[in-house]
Protein chains: 2
Amino acid sequence: MIRMTSRRSDALSRERIVDATIEILDAAGEDGLTLRAVTAHLATGRGAIYHHVANKDELLAAAADGVLAGLAGDGDPRESIRALALGIFDAIDRHPWVGAQLSRDPFQPAVRRIWTGIGASLHRLGLTGKARSDAGSALVNYVLGAAAQHASGARQAPDDAARRAYLDALAADWAEQDDDPLARESAALLREHDDRAQFLAGVDIFLAGISSLN
Amino acid sequence: MIRMTSRRSDALSRERIVDATIEILDAAGEDGLTLRAVTAHLATGRGAIYHHVANKDELLAAAADGVLAGLAGDGDPRESIRALALGIFDAIDRHPWVGAQLSRDPFQPAVRRIWTGIGASLHRLGLTGKARSDAGSALVNYVLGAAAQHASGARQAPDDAARRAYLDALAADWAEQDDDPLARESAALLREHDDRAQFLAGVDIFLAGISSLN
DNA sequence: ACCTGAACACCGTTCAAGT
DNA sequence: ACCTGAACACCGTTCAAGT
């Protein structure tokens, strides 16, 4: 006969803690992630977490790395850069909290993963030395910046209707605060733009700029 | 004879609150900014702040906008984009907390200021419609991403010696975790690179890419 | 070694009471 | 209208005590 235990059937592990963290972040957002929520979800005591993870920051970094694991691309270097960038973009659509997390620490595992993927593609593109590190820095910073901005938007307007209303209100606000025609046109374009397409357009501007480096 | 009051000689105002916030952020960093620290600094009661500012988020946004006020550039459009970008970079050197704050909300006043400045320069460069908004989005996202990454570094290694030690440790860590020669070269370049020069190199890559848009 | 849960030292925000 | 400061409803982290 199988011995019945409480709700928790497995021993605690770093992996189970990180999985629970991702579930909570997806369901309740960054503000909903508390150590109390994690321990309740795992039916364990408060301090148990600290046997497997140093603190909340490490927990967030591990969760972000878990979500971004498995992004790659092996074909044409330009295509694999586009694929990597879009993979990050789509991961943020599914897990908006990742966008803010990536900007929090330049040397967390998830960011190192992005650096490595982009660096390898730039190498295959024939860039070396300072040219490669300048290009890599530019692209990584662009991707992280866009990720953070897109995530803030996704957080404040989760569905399509909310997004529509949000951008309308924002465009009206811009047009009101600034009556020069340039600001008005920018506000109008903001309402119509497609975040994902614009993100990719930025990657292509960068790739075009790279061609002028050698 | 002048009437002596307590330490506080002026009435409270939004401006005085924002100035105190900037002083506290500069002295104690983001973690040091608490409503209790602000009220202590102003010798007032806890709730007084809420008569002038909605909440802590608005206080942070107002502080960031205060630091970035007055950035402009009127000459050659490419030069004024470079000047604006460097102005932001240098402001973050003086106030590292600004870097993280700019990524927190895409529609805070400080970010709108950056959009407006870059948009006007791109207009003078002859870009219109979707081309301008794609180019603007690319540049703004790059600048904000680089700002956040640079600020994290500046926070973790305030002076030159600390920065040196920090990058050495990091390069060793990268080289250890990844033994392919590409990672080793990247780690070595990391130790030598100049953040400010690399930031400007990124701006130039995007400007070169933008030239291919029309 | 791993886990528990109470305790500690904080937070941001609200609100009745004062001026 | 503006300000005060106690009170509320939380936090992350630690640590003696258990298994």
Side-chain angles (χ1 to χ4, degrees), chain A residues 3-25 27-64 97 100-101 104-105 108 152 155-156, chain B residues 3-25 27-64 97 100-101 104-105 108 152 155-156:
Chain A
R3 185 141 55 95
M4 289 294 282
T5 60
S6 73
R7 281 174 52 206
R8 225 184 60 227
S9 52
D10 299 319
L12 217 49
S13 68
R14 187 184 158 96
E15 196 191 348
R16 291 192 60 231
I17 293 171
V18 172
D19 288 347
T21 302
I22 293 173
E23 281 179 44
I24 291 167
L25 284 164
E30 271 184 277
D31 290 346
L33 180 72
T34 64
L35 272 294
R36 278 155 178 84
V38 176
T39 52
H41 195 276
L42 293 166
T44 185
R46 210 91 76 219
I49 306 292
Y50 291 87
H51 287 277
H52 299 93
V53 162
N55 52 36
K56 197 186 173 180
D57 282 349
E58 189 183 313
L59 201 55
L60 267 162
W97 50 272
Q101 175 54 30
R104 205 126 46 206
D105 173 10
Q108 62 182 309
S152 305
R155 221 181 308 125
Q156 292 185 42
Chain B
R3 183 141 54 94
M4 290 294 284
T5 59
S6 74
R7 283 174 50 209
R8 221 183 65 227
S9 51
D10 300 318
L12 218 48
S13 68
R14 188 186 157 95
E15 196 192 346
R16 291 191 63 232
I17 293 171
V18 171
D19 287 348
T21 303
I22 293 174
E23 280 179 44
I24 292 167
L25 284 164
E30 269 183 279
D31 290 344
L33 181 72
T34 65
L35 271 294
R36 277 152 178 86
V38 176
T39 52
H41 196 276
L42 294 166
T44 185
R46 209 89 77 217
I49 306 291
Y50 291 89
H51 287 277
H52 299 93
V53 163
N55 53 35
K56 197 185 174 182
D57 283 349
E58 190 184 311
L59 202 54
L60 268 162
W97 50 272
Q101 174 55 30
R104 204 125 48 206
D105 173 10
Q108 64 183 306
S152 306
R155 220 180 309 125
Q156 291 186 42

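In the text below, chain A, chain B and the rest are named by the order of the sequence lines, each starting its count at 1.
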J.: Can you sort out the partners of Arg14(B) under salt bridge (charged side-chain N to carboxylate O under 4.0 Å, His left out), two or more places apart, ordered by chain and number?
T.: Glu58(B)
J.: Pick one: which of Thr21(B), Asn55(B), Ile17(B) meets side-chain contact (heavy atoms from CB on, under 4.5 Å) with Ile49(B)?
T.: Ile17(B)
J.: Rounded to whole Å, please give me the gap between CD1 in Ile49(B) and C1' in dC11(C).
T.: 15 Å
J.: Got a second to check how far Asp19(B)'s CG is from Ile24(B)'s CD1, nearest 0.5 Å?
T.: 11.0 Å
J.: Given a 3.5 Å cut-off on both pairing distances, which stems involving DNA chain C, each at least three consecutive Watson-Crick or G-U pairs, are present, if any?
T.: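 Expected stems, ordered by start: C:4-8 with D:12-16, C:12-16 with D:4-8.
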J.: With rounding to the nearest 0.5 angstrom, report the CG to CG distance, Asp105(B) to Leu60(B).
T.: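 Asp105(B) atom CG to Leu60(B) atom CG measures 11.0 Å (nearest 0.5 Å).
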J.: Tell me whether Glu23(A) at atom CD has more than 12 heavy atoms from other residues, nucleotides or ligands lying less than 6.0 Å away.
T.: yes
J.: Side chains of residues 29-38 of chain A: which donor-acceptor partners sit under 3.5 Å, not counting sequence neighbours?
T.:
| from | atom 1 | to | atom 2 | distance (Å) |
| --- | --- | --- | --- | --- |
| Glu30(A) | OE2 | Arg104(A) | NH1 | 3.3 |
| Glu30(A) | OE2 | Arg104(A) | NH2 | 2.9 |
| Thr34(A) | OG1 | Ala37(A) | N | 2.9 |

J.: With Arg46(B), which residues qualify under salt bridge (charged side-chain N to carboxylate O under 4.0 Å, His left out), at least two apart?
T.: none
J.: Under 4.0 Å between a side-chain N or O of His52(B) and OP1 or OP2 of dC3(D)?
T.: yes
J.: For nucleotides 12-16 of chain D, list the nitrogen or oxygen atoms of the protein found under 3.5 Å from its nitrogen or oxygen atoms, one pair per line.
T.:
| from | atom 1 | to | atom 2 | distance (Å) |
| --- | --- | --- | --- | --- |
| dG12(D) | OP1 | Lys56(A) | NZ | 2.7 |
| dG12(D) | OP2 | Leu35(A) | N | 3.1 |
| dG12(D) | N7 | Arg36(A) | NH1 | 2.7 |
| dG12(D) | O6 | Arg36(A) | NH2 | 3.0 |
| dT13(D) | OP2 | Tyr50(A) | OH | 2.8 |
| dT13(D) | OP2 | Lys56(A) | N | 3.1 |
| dT13(D) | O5' | Tyr50(A) | OH | 3.2 |

J.: To the nearest Å, how far apart are Asp31(A) CG and dC11(D) C1'?
T.: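 Spelled out: CG on Asp31(A) to C1' on dC11(D) is 12 Å.
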J.: Whole Å only: how far is the CG atom of Leu12(B) from the C1' atom of dT19(C)?
T.: 15 Å
J.: Identify, with sequence neighbours excluded, every residue that meets side-chain contact (heavy atoms from CB on, under 4.5 Å) alongside Ala48(A).
T.: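 Listed in chain order: Leu12(A), Thr44(A).
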